[in-house]
> 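Sharing a structure with you now.
Residue numbers run from 1 in the order of the sequence given. Small disclaimer: the values here were computed from a predicted structure and weren't measured.
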Amino acid sequence: MALYLLYEAASGYALFLAHGLDEIGQNTEAVRSSVLDLNRFGKVVQLSAFHPFESALDALNQCNSVSEGVMTEELRNFLELNLPKVKEGKKAKYSLGVSEPKIGSHISEETKIPCQSNEFVLELLRGVRFHFDRFLKDLKPGDLEKAQLGLGHSYSRAKVKFNVNRVDNMVIQAIFLLDTLDKDVNSFAMRVREWYGWHFPELVKIVNDNYLYAKVAKYIENKAELSEDKIPELTEILGDEDKAKEVVEAAKASMGQDLSPIDLINVQQFAQRVMDLSEYRKKLHEYLVTKMNDIAPNLASLIGEIVGARLISHAGSLTNLAKCPSSTLQILGAEKALFRALKTRGNTPKYGLIFHSSFIGRASARNKGRMARYLANKCSIASRIDCFADSGSTTFGEKLREQVEERLDFYDKGVAPRKNIDVMKDAIKSLENKDADMEEDIPVEASGKKLRKRKSKVDGEETEPVEEDKPADVTNGDTEPKAEKKKKKKKKQAPEETEQVNGVNGEHDGTAKKSKKKSKDLDGGADISVTKSKKKKKSKTEDSD
C-alpha cells in the first residue's frame, strides 16, 4: 500500500510519496537513522505536488484551520486533485500520513481518504521538514525562513487577540493598580502631613482625612493670611462650619514655623498631586466595578467587586478560578500559612482572601470557619456560572447571597435555611420570567398582529351568547328581588310587543310575557318564523273548506 505524506509548510501545502517502505520495514529506528542523510531519504520520499499560498493572510487562515483540525476547501481540492481516485465501492490502495490526528479524522470523514498518524509517519515528516528546501528547486535561499518568521508572528498575534481570558486581564491589572495606588496615596498623604505640619501642626488633629487635609493645605497656603473671611470657603471644603472656625482659631495661635514662598509653592504642588491621585483612584474603582459587573456579575453580587477581583487576579483568570474546588478557593491567598502549618504540623488556615468579605466579619468567632467554607462553596458556584454561561445576569448571585444570609441567621438564631435545590429552581424561574418579558418587548410582525386580531374577533363572537344567556338563567329564580323588578318592567312592555307580533302572543302561555328583553331579542326571529308558518297553515285550511 502506497503512503502519501501531507506537509503544511509556511509557504504552502506539499504532498510527498514514500517509496520502498518494505525495504525499510517501517522500522522507526531505521527511519531515524536515514532521516539526516538526504541521499538515502531522497530515494524513499519524493515530492508529488505543491500548492503555494496566495498571500500572508491566506497562509494565516490555513494555519488557523489546520491547528483547529478543520479541512479548508483549498486543502480538499489539493488532495482530490493530486491523490489517486478511488472507484465507488472499492477500498483505497493508499493512505495519507498527517501530523495531527484531528485534521486526519476530519479529512477521512469528508473525503473518505484513509489517514494515519503514528511515530513512523511523524519521523518521515520530520525528515521532510529537515530537507524541505532541497525538494523545491525554484526556492531561493532565505525565502523559506522569511515565510516561517512572518507566519509565526502573525499566528502568535492572532492567538493573543483571540485569547478567551483577555477581558480578565483588565480586571487583574486594575486591581493591582488599585492596591498600589492605596499604598502610594497613603504614603504621599503622610508626607504632606509631615511637610505642612512644620508650618501648621495643629491642622493634623482637626482634619483626619488625607484627601481633605491635602485640599485644606493647598487652600490655606500661609497660615498668617488666614482670616475669618475665608470661613465660608473652608466650610465648603470641610463640610462643617464648626471645623472651619476651629481651623481659623488654631491658625491664630499656631506654634508652627514660617515657611518661605518657594517652600509653600512646593507644598502646594505636592498636595495637588495627592489630590489628583485620590481622584484617579475613585475613577479606577468605578471602572473596576463596571468591569466586574460585565465579566463576573454573579460573583460580584455575591461577595463584592473588590474581593471578587482579588480572587480572579490571584487565580490568574476567571477560568482558573472556576476550575478551583471550593476548598482551594477558601484558602486562596493564604498559601504561606498553609505550607507553614503543614511543615510544623499545626492548624491549617480557615480562610484567605475571602476573609475581607463582610459575611465572615459578621459571623461569630466560633462560626467563622464554617462561614468561610460555606461562602467558598457559593463563590465556586458563582464563578462557574459566570465563566461558562452564555449570557450574564445577577440572578444566581443574588439568590446565592440570600442563601449566605440565611446561613448566618441559622448560625445566630437557629432559623432553618432553604434547600439549595429550591433556591436554584427559584433562580431559574425568575431568569425564565425575565427572558419572557424581554421577548414580549420585541415588536411583533404585521402578520402576527393580524392573526391576533382575528383570534380576538373569533373569541368575542364565541363569548357574546354566553354573556347574554346569564341573565336568562337568573330570571328563573323567583326569590331574587332584581328578577321581580325586571318582570314588572316587561309586563308594561308586553302590550306594545303584542301589537307588533299580530296576535302571536295569544297562542303562547302567559309566562312568555314575563321573559326578559334579551331572551326576546334572541328568540324574536324564531317566533316570527313560527307565526308565518301558522298563518300559511290557516290559509290552506280556509281554501280547503
Side-chain angles (χ1 to χ4, degrees), residues 170-292 304-310 313 333 353 355-358 360-362:
M170 302 299 108
V171 172
I172 294 168
Q173 298 300 326
I175 193 64
F176 272 128
L177 182 57
L178 197 68
D179 293 338
T180 308
L181 277 176
D182 287 336
K183 295 176 183 177
D184 293 343
V185 168
N186 286 331
S187 60
F188 292 159
M190 292 302 296
R191 184 59 54 199
V192 170
R193 285 172 179 268
E194 188 175 352
W195 198 350
Y196 194 70
W198 289 100
H199 179 62
F200 193 179
E202 291 83 7
L203 187 62
V204 177
K205 296 181 180 179
I206 300 171
V207 182
N208 296 321
D209 188 66
N210 292 331
Y211 179 73
L212 288 179
Y213 185 90
K215 207 169 183 179
V216 170
K218 183 179 179 299
Y219 175 74
I220 292 173
E221 297 180 10
N222 192 357
K223 64 179 180 180
E225 298 175 0
L226 189 62
S227 61
E228 294 182 356
D229 298 337
K230 295 184 178 181
I231 289 177
E233 288 82 359
L234 281 173
T235 306
E236 289 180 3
I237 295 170
L238 295 171
D240 190 0
E241 189 176 358
D242 296 335
K243 276 191 177 182
K245 290 179 180 179
E246 191 176 352
V247 169
V248 173
E249 293 296 328
K252 292 177 181 178
S254 177
M255 298 291 293
Q257 65 179 8
D258 294 333
L259 295 178
S260 62
I262 298 174
D263 296 336
L264 288 173
I265 288 170
N266 283 307
V267 173
Q268 267 188 315
Q269 290 177 350
F270 190 54
Q272 183 63 44
R273 291 293 177 90
V274 173
M275 290 165 58
D276 294 340
L277 277 176
S278 299
E279 290 171 1
Y280 175 67
R281 196 258 177 207
K282 291 178 183 177
K283 291 179 182 178
L284 185 65
H285 181 265
E286 293 173 0
Y287 164 76
L288 183 62
V289 168
T290 54
K291 206 70 180 172
M292 278 296 294
E305 291 84 4
I306 303 298
V307 182
R310 285 203 175 97
S313 66
L353 289 170
F355 178 76
H356 298 287
S357 174
S358 60
I360 297 176
R362 287 160 53 191

> Is the positively charged end of Arg273 above the ring of Phe188, judged by distance under 6.0 angstrom from the centroid and angle within 45° of the axis?
no
> If you round to the nearest 0.5 Å, how far is CG of Leu238 from CG of Asp209?
10.0 Å
> Does a side chain donor of either Glu241 or Thr235 reach within less than 3.5 Å of an acceptor in the other side chain?
no
> Under 3.5 Å, side chain of Asn222 to main-chain N/O of Glu225, donor-acceptor pair present?
no
> Looking only at the side chains, is there a donor atom on one of Ser260 and Asp263 sitting less than 3.5 Å from an acceptor on the other?
yes
> Give, for atom CG of Leu277 and atom CG of Asp182, the distance between the pair rounded to the nearest 0.5 Å.
11.0 Å
> To the nearest 0.5 Å, what is the distance between NZ on Lys252 and CD on Glu202?
14.0 Å
> May I ask you to decide whether Glu286 forms a salt bridge with Arg281, counting only side-chain N to carboxylate O separations under 4.0 Å?
no
> About how many Å separate OG1 of Thr180 and CZ of Phe176, when rounded to the nearest 0.5 Å?
8.5 Å
> Is there a salt bridge (charged side-chain N to carboxylate O under 4.0 Å, His left out) between Glu194 and Arg191? Walk through the geometry before answering.
CA-CA 5 Å; Glu194 188 175 352; Arg191 184 59 54 199; 3.0 Å; yes
> Tell me if a side-chain donor or acceptor on Gln268 pairs with a main-chain N or O of Lys218 at a distance below 3.5 Å.
yes
> Test of understanding: with salt bridge (Lys or Arg N to Asp or Glu O under 4.0 Å), list the residues that count as partners of Lys230, not counting sequence neighbours.
none
> Which distance, rounded to the nearest 0.5 Å, do you find between the OH of Tyr213 and the CE of Met190?
10.0 Å
> For Tyr196, check ring pair (Phe, Tyr, Trp, His ring centres under 6.0 Å) against everything at least two apart and list the hits.
His199
> State, with a plain yes or no, whether a side-chain heavy atom of Asn210 is found less than 4.5 Å away from one of Val185.
no
> Drop me the distance from Glu236's CD to Ile231's CD1, to the nearest 0.5 angstrom.
13.0 Å
> Picking from Ile220, Asp229, Leu234, what satisfies side-chain contact (heavy atoms from CB on, under 4.5 Å) with Val248?
Leu234
> May I ask you to decide if Gly256's main-chain N or O and Lys223's side chain share a donor-acceptor pair within less than 3.5 Å?
yes
> Any idea which heavy atoms bring Leu284 and Ala174 closest together, and the distance?
CD2-O, 3.9 Å
> Hey, are the side chains of Val216 and Ile206 touching, using non-hydrogen atoms and a 4.5 Å cut-off?
no
